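Counting starts at 1 for both ligands and their atoms, in listed order. Predicted model, so just to flag it, every value in this text is computed and none were measured. Basis for what follows: all heavy atoms, side chains included, without hydrogens, waters or symmetry-related copies.
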Amino acid sequence: MNSKIPSIQIPLNIPTFTGNERIHVDNLLNNPGLLNEGKYTQLCTEWFESEYGKPVLLTKSCTHSLELSALLLDIQPGDEVILPSYAFVSAANAFVLRGAIPVFTDVRREDMNLDPNLIEAAITPKTKAIVVVHYAGVSCDMEAMQALTQKHGLYLVEDAAQGIMAKYQGKYLGTMGDLGCISFDQMKNLTCIQGGLLILNDDRFIDRADILFENGTNKKQFLAGKSNFYHWVDLGSNFKLSEIQAAYLYGQLEKALEITQKRLSDWNFYFHRLKPLAEKFGFNLPQIPSDTHHNAHIFYLKMQNKAQRDAFSEFFRRKGALATFHYVPLHDTEFGLKTSRFHGSDQHTQLESQRLVRLPLYYSIQNHEIEHICNLVGKFFLDQVHPNEV
Ligand SMILES: *Cc1c(COP(=O)(O)O)cnc(C)c1O
């Protein structure tokens with residue numbers, strides 16, 4: 001082991017912080033009376049509704065948005081939901097909590113998103129919905145997904161947790177399914193540390209969403225003067241984002257384009273700097289389909305296999321930078337084995353997830369740090385080629 005203390009320490013992520021958040025949070029802290037008014041929740045809601053042209057609800061997390069989606073779709077025990085196994089656990093849990101069975105189908109090798117060609121064979125009379133995950137903020141083939149859900153009378157839910165500001169054929173991710181779910185967790189491009197959004201793309205969900213959102217009461221109607229009192233009328237929970245977090249988030253929404261552009265420019269820096277190395281040493285870079293505008297949420301490499309990927313992560317750890325993987329495919333987990341099934345054969349999900357490794361990428365990362373990481377990538381492969389010259 002190298003006992004020298006590494007000179008540069010680069011984490012995988014530092015939560016986005018622009019300084020602008022402070023203005024709005026301070027405003028609230030200096031005027032506690034404002035907390036009653038929900039001013040920042042209102043400002044954020046208006047920002048999204050004007051960008052998306054669709055009604056939205058600000059939630060405590062994308063997990064809450066997914067759970068609210070499962071309630072809105074009236075998912076019943078025994079219903080089936082098709083989704084990728086290469087996903088964060090909350091996309092499956094939201095439906096398992098309603099008694100549904102996750103049915104996983106394989107992802108595409110090139111972008112880790114659901115392969116639309118494999119979905120039809122997994123549809124049964126019990127199938128209720130397709131839940132797509134836009135991995136790394138790169139859109140799924142939404143044209144194909146919409147065609148499938150229309151043909152079979154299924155709901156389409158977008159887990160666009162990673163997809164803020166990203167687009168497909170000019171449309172924002174999260175605005176194309178019946179429901180869209182976005183995350184403002186600290187790992188995401190825009191963050192209020194914990195927070196989420198539900199986009200209601202189909203008007204028939206609006207009234208019931210307002211009720212489920214308010215603990216299953218008609219409080220919203222009451223506040224609008226449409227009812228003399230409010231009481232318990234349906235299922236529900238407290239899904240609401242706190243006003244302090246809305247103030248924090250609003251500071252980032254004002255800089256949403258700037259944050260996204262900074263990330264894209266860093267992502268492109270990685271891509272162009274690593275392209276010749278990828279060709280020389282036989283690893284893969286992310287592929288972006290032509291009709292998508294991604295948001296540079298993740299920069300990843302794919303190594304030849306798991307052994308090489310693990311060696312790469314370990315090499316980075318020793319050099320003081322973090323390059324890690326995520327998502328053990330859900331069908332291969334203890335709880336996944338009990339609750340779910342994988343339809344068809346797993347050609348790519350397991351193998352590709354084992355090859356994938358993420359490089360540090362965050363709003364405050366500096367060019368010289370990216371340069372340093374790219375140099376480390378080159379060093380790792382040279383060490384493999386000439387292991388005795390280390
Ligand atoms: C982060 C993430 C979630 C969960 O978001 P939270 O806001 O932390 O609940 C769900 N799905 C995907 C794909 C994610 O990346």
Please check if any side-chain donor atom of His24 sits under 3.5 Å from a side-chain acceptor atom of Glu254, or the reverse.
-> yes
Report yes or no: do Gln162 and Tyr135 form a side-chain donor-acceptor pair below 3.5 Å?
-> no
Same apolar cluster: Leu200 and Tyr52, side chain cutoff 4.5 Å =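 Not linked; separate clusters.
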State the atoms of ligand 1, each with its element, that fall below the 4.0 Å cut-off from a heavy-atom position in [X].
| X | result |
| --- | --- |
| Thr63 | 4 (C), 6 (P), 9 (O) |
| Ala161 | 2 (C), 3 (C), 10 (C), 11 (N), 12 (C), 13 (C), 14 (C), 15 (O) |
| Gly195 | 7 (O) |
| Tyr327 | 12 (C), 13 (C), 14 (C), 15 (O) |
| Val133 | 13 (C) |

Quick look: Cys62 vs ligand 1, heavy-atom contacts under 4.0 Å, and the answer is both
Shortest heavy-atom approach to atom 2 (C) of ligand 1 - which of Lys188, His326, Met187 | Lys188
Residue, atom name and distance, where the atom is the protein heavy atom closest to [atom]:
| atom | answer |
| --- | --- |
| atom 8 (O) of ligand 1 | Asp185 CB, 3.6 Å |
| atom 11 (N) of ligand 1 | Asp159 OD2, 2.8 Å |
| atom 7 (O) of ligand 1 | Ser183 OG, 2.7 Å |
| atom 10 (C) of ligand 1 | Ser90 OG, 3.4 Å |

Sub-6.0 Å ring centroid separation between Trp267 and His294 = yes
Relative to each other, are the rings of Tyr86 and Tyr327 parallel, tilted or perpendicular (30° and 60° limits)?
-> perpendicular
For Gln162, is at least one N or O under 3.5 Å away from an N or O on ligand 1?
-> yes
Side chains of Thr105 and Pro84: does their closest heavy-atom pair fall under 4.5 Å?
-> no
Non-hydrogen atom of Ala87 closer than 4.0 Å to ligand 1 =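 Judged by the 4.0 Å heavy-atom criterion, Ala87 does not count as contacting ligand 1.
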Does the Thr16 side chain pair with the main chain of Asn189, one donor and one acceptor, at a distance under 3.5 Å?
-> yes
Determine whether more than 12 heavy atoms belonging to other residues, nucleotides or ligands lie under 6.0 Å from atom CD of Glu46.
-> yes
Crowding at CZ, Phe325 (>12 non-hydrogen neighbours, <6.0 Å) | no
